[in-house]
Trainee: 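Have a look at this one before I ask anything.
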Amino acid sequence: GSEAFANCSALTTITIPDGVTTIGGSAFDGCSALTSVTIGNGVMSIGREAFANCSALTSITIPDSVTTIETYAFANCSSLTSVIIGNGVTTIGSSAFANCSALTTITIPDGVTTIGGSAFDGCSALTSVTIGNGVMSIGREAFANCSALTSITIPDSVTTIETYAFANCSSLTSVIIGNGVTTIGSSAF
């Protein structure tokens, strides 16, 4: 449930068994010593701020069973360098990985249709982004302030690039926009 283990500042490892279907909002928020998380194959939803502010967490594998990564789910996980998003995910919520300043690479699978606003905002070490062929909308400020990002290819499935989507991406030298894009929001780049 919500806040079940919030602010357990000495907790280092957690294994969530396959029988769990939902990780509640803020369930592990503020577990600042948490370095290892194993999410079981029964989990379908990772709640709002579920692992936010877990500043020691270095990697996370989200299983294929998960369909939704809620708002702020992994926000401010400043040591997070590796994220593997399962093929079942359809929605990446607003600010889901915001300020994950050590994250260098992200692959968004084809099943994802929406990248929420500020989803990767402030991921200042992010150099490589692969956007899956199912994504239709790149939210407001989705990749804003990703100052190490050098290139981006937006697939044909995308119809909307919202306002400030890639704002302040000061290293961006190459942008390929797919043929499906009909709207590019103000200050998108």
Side-chain angles (χ1 to χ4, degrees), residues 39 41 43-48 50-52 59-77 80-189:
I39 300 175
N41 291 320
V43 174
M44 293 182 284
S45 178
I46 299 174
R48 177 185 176 97
F51 295 95
S59 67
I60 191 76
T61 298
I62 298 166
D64 291 345
S65 59
V66 173
T67 60
T68 304
I69 302 170
E70 296 281 344
T71 304
Y72 297 103
F74 296 93
N76 304 315
C77 292
L80 195 61
T81 58
S82 172
V83 174
I84 298 171
I85 300 174
N87 292 322
V89 174
T90 59
T91 303
I92 298 174
S94 298
S95 301
F97 296 94
N99 300 313
C100 291
S101 56
L103 187 62
T104 58
T105 303
I106 192 73
T107 298
I108 298 167
D110 292 345
V112 174
T113 58
T114 303
I115 301 171
S118 299
F120 297 93
D121 184 2
C123 293
S124 56
L126 196 59
T127 57
S128 174
V129 174
T130 303
I131 299 175
N133 292 320
V135 174
M136 294 182 284
S137 175
I138 299 173
R140 178 185 175 101
E141 300 180 47
F143 295 95
N145 304 303
C146 292
S147 55
L149 188 61
T150 58
S151 66
I152 190 75
T153 299
I154 297 167
D156 291 344
S157 59
V158 173
T159 59
T160 304
I161 302 169
E162 292 193 21
T163 304
Y164 300 107
F166 295 92
N168 300 317
C169 292
S170 55
S171 297
L172 199 58
T173 59
S174 172
V175 176
I176 299 171
I177 299 175
N179 293 323
V181 174
T182 57
T183 302
I184 299 175
S186 63
S187 302
F189 296 94

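Note that the structure is predicted; figures quoted are calculated from it, not measured.
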Trainee: Using every non-hydrogen atom in the two residues, find where Ile138 and Ala165 come nearest and quote the distance to one decimal.
Mentor: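 Minimum heavy-atom contact is CG2-CB, 4.1 Å.
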Trainee: May I have all residue pairs that pass ring-ring contact (aromatic ring centres under 6.0 Å, His included) and include part of residues 85-141, sequence neighbours excluded?
Mentor: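 Listed once each, the pairs are Phe74-Phe97, Phe97-Phe120, Phe120-Phe143.
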Trainee: Minimum heavy-atom separation for Ala75 and Ser95, please, with both atom names.
Mentor: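 Ala75 and Ser95 have their closest heavy atoms at CB-O, 3.6 Å.
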Trainee: List the residues meeting side-chain contact (heavy atoms from CB on, under 4.5 Å) with Asn99, not counting sequence neighbours, and say none if there are none.
Mentor: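 For Asn99, the residues satisfying side-chain contact (heavy atoms from CB on, under 4.5 Å) (neighbours in sequence not counted) are Asn76.
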Trainee: Tell me the closest heavy-atom pair linking Leu172 and Val175, and the distance in Å.
Mentor: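 It is CD2-CG2, 3.6 Å.
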Trainee: Ile106 and side-chain contact (heavy atoms from CB on, under 4.5 Å): which partner among Thr127, Thr130, Ile84, Ile85?
Mentor: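 Option passing the side-chain contact (heavy atoms from CB on, under 4.5 Å) with Ile106: Ile85.
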Trainee: Show the atom names and distances, to 0.1 Å, of all donor-acceptor pairs under 3.5 Å that link a side chain in residues 146-164 to residues at least two apart or in another chain.
Mentor:
unit_1, atom_1, unit_2, atom_2, d
Asp156, OD1, Asn179, N, 2.8
Ser157, OG, Asn133, O, 2.9
Ser157, OG, Val135, O, 2.6
Thr159, OG1, Met136, O, 3.2
Glu162, OE1, Arg140, N, 3.4

